[in-house]
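What follows is one structure encoded as structure tokens, with my remarks underneath.
The figures that follow rest on heavy atoms only: side chains count, while hydrogens, waters and symmetry mates do not. Quick caveat, the model's predicted, so the values are computed rather than measured.
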Protein chains: 2
Amino acid sequence: MRARSAAIAGRVGHGVAVDATASAGKRLTREARRAQILEQAAAYFAEYGLTAHTRGLADACGISQRLLYRIFPTKAALLEEVYRTAILGAFRHEWLPPLRDRSVPVQARLCRFYEAYHAGVLTRSWMRLFLYASLAEADMAPNYIGDIVSGLLDVLVEEVAHEQGIVLPADKPFLDEVAWTLHGAVSHLAIRRHLYGASRQLPVAEVVELHVTAFVDGFRGMVGTRR
Amino acid sequence: MRARSAAIAGRVGHGVAVDATASAGKRLTREARRAQILEQAAAYFAEYGLTAHTRGLADACGISQRLLYRIFPTKAALLEEVYRTAILGAFRHEWLPPLRDRSVPVQARLCRFYEAYHAGVLTRSWMRLFLYASLAEADMAPNYIGDIVSGLLDVLVEEVAHEQGIVLPADKPFLDEVAWTLHGAVSHLAIRRHLYGASRQLPVAEVVELHVTAFVDGFRGMVGTRR
DNA sequence: AACGTAAGTCGTCAATTGACGACTTAGACG
DNA sequence: CGTCTAAGTCGTCAATTGACGACTTACGTT
């Protein structure tokens, strides 16, 4: 039984079209084929879950299933590489310097950053893959949270506190939670839109601004509860 | 390949202990057995995903796989029933009247409601099952959102607006988004805690209060952006 | 043009899968 | 205590699975 559709309805599903990027039967170098497979695999596993089958993926790539195993030793190794490229690789580190550019009001910086983050990271494919990975393996999501989000949370509170002349308490778990207020709000917006099919009436930029404004305006009050 | 652990590590996993509720070989009525299976199935599918196998579930129940198929016609039918009982059935409608009791400050009402909601609905098992279902089937999550959350969002804005003497604009999508600010915050807290292993330093009640306070205090400002 | 190498495929295997026909047995009732 | 019904199990089937040994062929190099 497949993860998607078939789960409840019992349908066979997976009408994935053959990859159009590599036009008919063209022979690729190992590296080019590897890159093409990884791209297709990210989309395929995002759609049907990490339990999706290698034959279906091979079809989607327009290659034989055997070739998959000539390039990746096991399905687990392929999945690990998909996680590294598609999940960890989506974050653009060049987004960080503008986020710290104090010549611009923090409100504007946050809006711009989270619009880019929503468009570049929180896509349907990324979100589904990230959730499938988080559900399946205890080590994957913590990697992203630990490697990327954690540092981001620090920047958020530092920048807002600086602009508002607030001296932050030393309570790290509390400050993380305050920062999650904004980061979680935008993340959950993506979950609603891509997973629940909700929150699709308003433009993303408008909702992001709503959350950023609430965060900036409420920041002093939040931090004030811990003195 | 199994959904959990095995997805990346390749382990076989599922060290689910045999159900202890029905002590050794005791014969149950059809309804009692059905209830026992549903309870076990919710935990089992929450852990290993909707693609988990019926043999593993039968082991967890302490019964033969064949008996599963004497009580539920197909795996899909079993899953549908699990969704109805474990996902839709978790919400207690008796939480709503206290939420509307205007003799109590709205801040306190919201705190109490979301503490109960987090403890009763947003459990690890519920959260995982809900996400697996949302990822697999486009019809399930919308059911919960449509049947339960949607009405809740209305209550949230109505109650806060009333206490603060605010006349709400007619813009329904916008008001929904304002309400999601709080509902999403608590939901994402549960996702962080149960899925990402984050946000576990502070007590839940404290974080819930942080979000409720931010919501109540920032409500006028939020709604004010739409006049 | 011949050739060698790496890209690519065919066919298959053992282990699982959901599903179910045929059978066994506990235990309520007279 | 016998009997009958519904609870429960055994064994199996066809369809999939991940994985891979053996083979074929495109194409850069000389």
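- Each of D/dC20, C/dA19, D/dG8 was ranked by its minimum atom distance to the side chain of B/Y69; first place goes to C/dA19.
- In this structure, B/Y132 has its ring center no closer than 6.0 Å to that of B/F45.
- For the pair A/Q36 CD and C/dA7 C1', the interatomic distance rounds to 13 Å; values are reported in whole Å.
- For the pair A/I71 CD1 and D/dA19 P, the computed distance is 15 Å after rounding to whole Å.
- At a cut-off of 3.5 angstrom, counting only N and O atoms as typed in the model, there is a donor on one side and an acceptor on the other between the side-chain of B/R55 and the base of C/dG18.
- The CG-C1' distance, from A/L67 to D/dT24, rounds to 14 Å in whole Å.
- Using a distance-only test at 3.5 Å, with no hydrogens or angles considered, no donor-acceptor pair links the side chain of B/Q201 to the main chain of A/F174.
- OP1 or OP2 of D/dG18 sits under 4.0 Å from a side-chain N or O of A/T54.
- For B/F215 and B/Y114, the ring centers are positioned 6.0 Å apart or more.
- The CG-C1' distance, from B/L68 to D/dA7, rounds to 14 Å in whole Å.
- Taking atom NZ of residue B/K26 and atom C1' of nucleotide D/dA6, one finds them 16 Å apart after rounding to whole Å.
- The separation between B/K75 atom NZ and C/dT16 atom P is 16 Å, rounded to whole Å.
- Distance from the side chain of A/T74 is smallest for D/dA19 among the nucleotides C/dC20, D/dA19, D/dG18.
- Rounded to whole Å, atom P of C/dG18 lies 10 Å from atom CG of B/L79.
- Among the nucleotides D/dG18, D/dG8, D/dA26, the one closest to the side chain of A/R27 is D/dA26.
- Nearest-nucleotide positions on DNA chain D place B/E31 closer to the 5' end than the other of B/E31 and B/Q65.
- Ionic pairing of A/E177 and B/R200 is not present here: no N-O contact between side-chain nitrogen and carboxylate oxygen is shorter than 4.0 angstrom.
- Residue A/H53 places no side-chain N or O under 4.0 Å from the OP1 or OP2 atom of D/dT16.
- With hydrogens and angles ignored, a donor-acceptor pair under 3.5 angstrom links the side chain of B/R66 to the base of C/dG21.
- Ion pairing of B/R112 with B/E115 is absent here, as no side-chain N (NZ or NE/NH1/NH2) approaches a carboxylate O to less than 4.0 Å.
- To the nearest angstrom, C1' of D/dC20 lies 17 Å from CZ of A/F72.
- Residue A/R70 is classed as a base contact, given a heavy-atom separation below 4.0 Å to a base.
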